[in-house]
Q: 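One structure, as structure tokens, below. Some questions next.
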Amino acid sequence: MSQITLTFPDGNTKQVPAGITPAEVAEGIAPSLAKKAISATVNGAHYDLAWPIDADASIAINTMQDDEPALELIRHDLAHVMARAVQALWPDVKVTIGPVRDNGWFYDFDRAEPFTPEDLGEIEAKMKEIINARDPVRTEVWSRADALKYYEEQGEPYKVELVNRIPEDQDIRMYWHGDWQDLCRGPHLQHTGQLPADAFKLTHVAGAYWLGDNTRPMLQRIYGVAFKNRNDLKAWQVMMEEAAKRDHRKLGREMDLFHMQEEAPGQVFWHPNGWTIYTTLQDYMRRQQARGGYVEVNTPQVVNRKLWEASGHWENYQENMFIVEVDEDHAREKTINALKPMNCPCHVQIFNHGLKSYRDLPLRMAEFGSCNRYEPSGALHGIMRVRGFTQDDAHIFCTEDQIESETKKFIDFLAQIYADLGFEKWTIKLSTRPEKRVGTEESWDRVEAALGNACKAAGYDFEIQEGEGAFYGPKLEFTLTDAIGREWQCGTHQVDPNLPERLDANYIGQDGEKHRPVMLHRAVLGSFERFIGILIENSEGRLPLWLAPRQVVVAAIVSDADDYCREVAAALQAKGIRAEADLRNEKINYKVREHSVGKVPYILACGMKEVEERTVSVRKLGEKQTFGATLDEIVERLTQEALAPDLR
RNA sequence: GCCGCAGUAGCUCAGUGGUAGAGCGCACCCUUGGUAAGGGUGAGGUCGGGAGUUCAAUCCUCCCCUGCGGCACCA
């Protein structure tokens with residue numbers, strides 16, 4: 001048998017027979033390592049301990065100390081253990097697929113009856129039995145014909161389909177957990193006893209389409225989470241509770257920001273507090289846009305179908321549009337209109353009004369554009385996914401040569417805004433040409449390169465999302481990370497040569513001839529509704545002072561201080577601070593608690609001591625320690641602190 | 001849109017085949033209290049909407065609406 005050379009992480013090499021398995025390699029190093037081993041990393045690929053190595057390779061034996069392979073295997077093996085438990089409890093259930101995802105895994109089953117929460121408890125118990133049985137995990141490579149025959153006999157139609165979907169040149173691998181078997185590419189642990197019986201939890205059940213295709217049957221999906229040990233599971237549970245505390249729907253109620261009701265699904269009733277955040281943010285964006293060289297416009301809500309036909313929305317986007325018919329009784333003839341789902345066609349109308357010269361380009365046209373989209377009912381979520389919303393939208397009309405510099409300028413613009421709003425960490429994704437597309441290869445080459453170059457020029461790396469661009473052009477997506485590590489895609493920047501073509505936009509070039517401009521669709525926040533939701537969740541309602549709807553409450557400790565409290569509040573209000581006096585017949589404890597729960601950044605308490613000294617006792621949100629300040633000092637301090645970041 | 005779950009006072013929730021309760025909030029009274037809930041009294045509900053079963057429905061059945069968790073969607 002021929003020899004191969006294995007290279008270990010410490011640089012040592014060893015001659016071994018070809019076809020050796022990582023399990024044997026581990027055994028050769030130390031029997032204790034062989035026992036602890038969970039998998040191997042061979043030439044960078046994750047290997048099962050039972051897979052033979054046929055050629056020279058670098059190898060590292062993994063144990064539970066190695067986080068990434070350990071979690072991958074724990075979650076993946078638990079997916080199989082769960083499927084086995086389900087079939088043990090309900091033999092008629094058909095198994096499908098069960099990948100690792102997020103902090104755990106899911107597995108989809110075909111079962112007439114949905115699973116109940118009680119079922120989940122039973123499944124968990126059965127899984128623990130399986131883990132405790134320490135069943136060996138075995139792997140075998142089967143022929144396609146054998147696999148098909150086996151699954152047909154077993155009555156597992158989904159597995160038959162999966163086998164048929166495996167590419168011809170790929171091995172068909174079967175894994176046995178004890179006497180239960182599943183189709184899987186592996187790798188897996190040595191035996192189920194390596195799984196942590198106390199560090200996993202089945203979380204919920206949900207419907208999911210087979211292969212993610214809404215024309216295929218809906219299956220029952222069970223989600224689970226798993227970690228290396230019980231403490232990590234607990235940490236995850238704490239994290240989930242933290243996330244629940246930040247829920248903007250809950251905070252929106254507690255802070256009296258907005259409400260929604262069934263007569264207007266997917267639309268927001270902004271209360272005074274919430275609307276203050278909204279307008280403050282909008283004022284800030286308006287100043288930024290003015291600085292960024294944008295002109296602001298405003299366009300109609302209800303627009304005749306003819307324009308949507310011309311723009312292509314009628315054909316491609318009608319499902320998502322609110323259609324408005326005007327009846328003969330009211331109009332001379334029946335017309336069909338739609339609420340605008342996007343602003344771009346209207347912006348082209350403004351561009352087209354009057355002749356444009358190359359000297360007008362780039363023309364950056366911004367609108368706080370109120371749009372309505374008939375989003376599918378299941379998609380609605382608080383103020384994050386709504387049917388009526390306002391975008392911080394703009395379209396940059398420019399030449400193809402200007403795309404790169406305009407893109408860079410936009411990235412700089414967006415970076416400043418994200419920084420001002422407290423988001424330090426964000427990433428860029430570049431989506432490239434999809435399979436179905438318009439335009440020449442050469443123009444896609446040029447435009448994709450322009451976007452990439454602009455990112456680099458602005459000093460940012462980007463990740464490529466192959467084939468995820470729009471049919472008319474590539475796009476950049478800007479995703480920010482919030483305080484608890486969740487990601488939100490907000491900013492977008494899309495190159496569109498198509499709409500100017502469809503709506504016949506043109507400008508007169510230096511040569512005196514008509515030319516077609518390109519449009520860049522771009523947004524920084526996305527929508528005010530969603531972005532405010534993100535701001536709330538990111539800050540847990542503790543918005544920075546300049547954005548807080550109620551910035552200061554002046555709370556009277558005794559009623560003899562009422563007049564002074566009014567005076568303090570008035571002095572702050574005179575400086576533009578959103579201050580109010582709380583003169584209610586309540587104890588200071590009560591007032592402090594209520595305004596703390598209400599996330600008011602500053603409480604200024606005043607009793608007779610403060611009245612006599614003309615001071616205030618300052619309590620900052622989240623801090624137990626109070627401090628004293630004179631009236632003049634606190635007015636000066638808060639006036640400075642309450643300035644928007646761009647006005648400091 | 002699809003699967004599952006839910007909808008009772010402003011909020012959080014309990015409850016029953018004979019039309020309903022708590023805590024918080026709200027109003028009024030007492031209390032003037034020094035940094036996260038002082039005490040008392042009171043008002044407040046077509047039990048999401050419609051239909052059906054029943055002597056009787058908030059409760060059982062069906063349809064619809066809305067919300068929640070996913071899936072799909074996000075030209």
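By convention in this document, chain letters (A, B, ...) are assigned in the order of the sequence lines, proteins followed by strands, and residues within each chain are numbered from 1. Worth knowing before you read on, the calculation uses all heavy atoms, side chains too, and leaves out hydrogens, waters and symmetry mates. Fair warning: this is a prediction, and the values are worked out from it, not measured in the lab.
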Q: Could you tell me if the ring centre of A:F351 sits under 6.0 Å from that of A:F397?
A: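 Centroid distance A:F351-A:F397: below 6.0 Å, so yes.
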Q: Expressed in angstrom and rounded to an integer, what is the separation of A:D582 atom CG from B:rA36 atom P?
A: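 Answer to the nearest Å: 15 Å.
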Q: Think A:Y590 has a side-chain N or O under 4.0 angstrom from the OP1 or OP2 of B:rG25?
A: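 Yes, A:Y590 has a side-chain N/O under 4.0 Å of OP1/OP2 on B:rG25.
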Q: Rounded to whole Å, how long is the line connecting atom CG of A:L380 with atom P of B:rC71?
A: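 Rounded to whole Å, this separation is 15 Å.
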Q: Check whether any side-chain nitrogen or oxygen of A:R373 sits under 4.0 Å from OP1 or OP2 of B:rC73, and answer yes or no.
A: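 Negative; the distance criterion is not met.
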Q: Send over the distance from A:F269 CZ to B:rG67 P, rounded to a whole Å.
A: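 Distance, rounded to whole Å: 12 Å.
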Q: Students often get this wrong, so: under 4.0 angstrom with heavy atoms, is A:P114 touching a base, only sugar-phosphate, or nothing?
A: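 Touches sugar-phosphate only.
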Q: Choosing from B:rC71, B:rG33, B:rA72, which nucleotide comes nearest the side chain of A:K587?
A: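 Side chain of A:K587 sits closest to B:rG33.
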Q: Could you check whether A:Q318 gets within reach of a base, just the sugar-phosphate, or nothing at all, counting any heavy atom under 4.0 Å?
A: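 Counting heavy atoms under 4.0 Å across all strands, no contact is made by A:Q318.
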Q: Roughly how far apart, to the nearest Å, are B:rA9 and B:rC47 at atom P?
A: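 10 Å, rounded to whole Å.
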Q: Output the pairing pattern of RNA chain B as a dot-bracket string, 5' first, Watson-Crick or G-U wobble with both distances under 3.5 Å, | for cross-strand pairs, [ ] for crossing pairs.
A: (((((((..((((....[..)))).(((((.......))))).....(((((..]....))))))))))))....
Q: Using a 4.0 Å heavy-atom cut-off across all strands, classify A:A208 as base, sugar-phosphate, or nothing.
A: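 It contacts sugar-phosphate atoms only.
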Q: From OH of A:Y209 over to C1' of B:rA72, roughly how many Å is that when rounded to an integer?
A: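 Rounded to the whole Å, the gap is 5 Å.
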Q: With a 6.0 Å cut-off on ring centres, are A:F478 and A:Y418 close enough?
A: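 No, they do not, as the ring centres are separated by 6.0 Å or more.
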Q: Does any donor-acceptor pair link the side chain of A:R216 with the base of B:rC2 at a separation under 3.5 Å?
A: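 No pair found.
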Q: When rounded to the nearest Å, what value does the distance between C1' atoms of B:rA57 and B:rU53 take?
A: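 My reading of the C1' atoms in B:rA57 and B:rU53 gives 10 Å.
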Q: To the nearest Å, how far apart are A:Q391 CD and B:rA75 P?
A: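 Rounded to the whole Å, the gap is 11 Å.
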Q: Take atom C1' in B:rU12 and the same atom in B:rC68, then report the distance between them in whole Å.
A: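 The answer is 16 Å between these two C1' atoms.
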Q: Decide, yes or no, whether a salt bridge links A:E477 with A:K475 under the criterion of side-chain N to carboxylate O below 4.0 Å.
A: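 A:K475 and A:E477: salt-bridged.
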Q: Measure from the ring center of A:F115 to the ring center of A:W90 and say whether it is less than 6.0 Å.
A: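 Aromatic pair counts; centres sit under 6.0 Å.
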Q: Angle class for the A:H80/A:Y107 ring planes (parallel below 30°, perpendicular above 60°, tilted otherwise)?
A: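 A:H80 vs A:Y107 ring planes: perpendicular.
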Q: Distance between the P atoms of B:rC63 and B:rC3, in whole angstroms?
A: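 Here B:rC63 and B:rC3 have their P atoms 11 Å from each other.
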Q: Below 3.5 Å, does any donor atom in the side chain of A:E113 face an acceptor in the base of B:rG4, or the other way round?
A: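 Such a pair does not exist between side chain and base.
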Q: Determine the contact category for A:G382: base if any of its heavy atoms lies under 4.0 Å from a base atom, sugar-phosphate if only primed atoms, P, OP1 or OP2 are that close, otherwise nothing.
A: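 Sugar-phosphate contact only.
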Q: In whole Å, measure the gap between the C1' atoms of B:rG17 and B:rC55 for me.
A: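 Between the two C1' atoms, the distance is 12 Å.
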Q: Is A:G312 touching bases, backbone alone, or none of the nucleic acid, heavy atoms closer than 4.0 Å?
A: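 A:G312: no heavy atom of the nucleic acid under 4.0 Å.
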Q: Name the orientation class of the two ring planes belonging to A:Y278 and A:W270 (parallel below 30°, tilted from 30 to 60°, perpendicular beyond 60°).
A: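 If you compare the ring of A:Y278 with that of A:W270, the planes turn out perpendicular.
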Q: I want to check one thing: is the phosphate of B:rC71, taken as OP1 and OP2, less than 4.0 Å away from some side-chain N or O of A:R101?
A: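 For B:rC71, OP1/OP2 do have a side-chain N/O of A:R101 under 4.0 Å.
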Q: For atom P, what is the distance between B:rU66 and B:rC30, given to the nearest Å?
A: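 About 49 Å, rounded to a whole number of Å.
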Q: Under 4.0 angstrom, heavy atoms only, what part of the nucleic acid is A:M321 near: base, sugar-phosphate, or nothing?
A: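 Nothing, no heavy atom under 4.0 Å.
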Q: Any base atoms under 4.0 Å from A:K591, or only sugar-phosphate, or nothing? Heavy atoms, all strands.
A: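 No contact.
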Q: Taking the minimum atom-to-atom distance to the side chain of A:Q220, which one of B:rC3, B:rC71, B:rG67 wins?
A: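 Closest of the options to the side chain of A:Q220: B:rC3.
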Q: I want to confirm an ordering. Mapping A:L621 and A:P265 to their closest nucleotides on RNA chain B, which one lands closer to the 5' end?
A: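 Whichever sits nearer the 5' end wins; that is A:L621.
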Q: Counting the atoms with a prime plus P, OP1 and OP2 as sugar-phosphate, which does A:R249 contact under 4.0 Å by heavy atoms, base, sugar-phosphate, or nothing?
A: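 The answer is sugar-phosphate, as A:R249 gets under 4.0 Å only of primed atoms, P, OP1 or OP2.
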Q: Given atom CD of A:E262 and atom C1' of B:rG7, what is their separation to the nearest angstrom?
A: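 Spelled out: CD on A:E262 to C1' on B:rG7 is 9 Å.
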Q: Can you check whether any acceptor in the base of B:rU32 is under 3.5 Å from a donor in the side chain of A:S559, or vice versa?
A: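 When only heavy-atom distances are counted, A:S559 does reach the base of B:rU32 through a donor-acceptor pair under 3.5 Å.
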Q: When the aromatic ring centroids of A:F258 and A:H271 are compared, is their separation below 6.0 Å?
A: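 No, the ring centres sit 6.0 Å or more apart.
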Q: Could you tell me how far apart A:W488 (CH2) and B:rC74 (P) are, to the nearest whole angstrom?
A: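 In whole Å, B:rC74 P lies 20 Å from A:W488 CH2.
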Q: Taking the C1' atom in each of B:rG18 and B:rU58, what is the distance between them to the nearest angstrom?
A: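 Here B:rG18 and B:rU58 have their C1' atoms 12 Å from each other.
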Q: State whether the distance check finds a donor on one side and an acceptor on the other, under 3.5 Å, for side chain A:Y472 versus base B:rA75.
A: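 Between B:rA75 and A:Y472, which were checked side chain against base, a qualifying N/O pair under 3.5 Å is present.
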Q: Using a strict threshold of under 4.0 Å (side-chain N to carboxylate O), is an ion pair present between A:K250 and A:E537?
A: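 Not counted as a salt bridge, because no side-chain N and carboxylate O are separated by less than 4.0 Å.
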Q: Are A:E567 and A:R614 within salt-bridge range, i.e. N to O under 4.0 Å?
A: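 A salt bridge links A:E567 with A:R614.
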Q: Centroid-to-centroid, A:W426 to A:F423, below 6.0 Å?
A: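 No.
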Q: Assign each of A:G266 and A:S311 to its nearest nucleotide of RNA chain B by heavy atoms, then name whichever residue's nucleotide is nearer the 5' end.
A: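 Checking each residue's closest nucleotide, the 5'-ward one belongs to A:G266.
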Q: Which whole-number value in Å describes the distance from A:Q261 CD to B:rC65 C1'?
A: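 Rounding to the nearest Å, CD of A:Q261 and C1' of B:rC65 are 13 Å apart.
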Q: Describe the nucleic acid contact of A:R619 in one word from base, sugar-phosphate, nothing, applying a heavy-atom distance below 4.0 Å.
A: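 Here A:R619 touches the bases of the nucleic acid.
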Q: Provide the distance between the two P atoms, one in B:rC28 and one in B:rG21, to the nearest whole Å.
A: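 My reading of the P atoms in B:rC28 and B:rG21 gives 26 Å.
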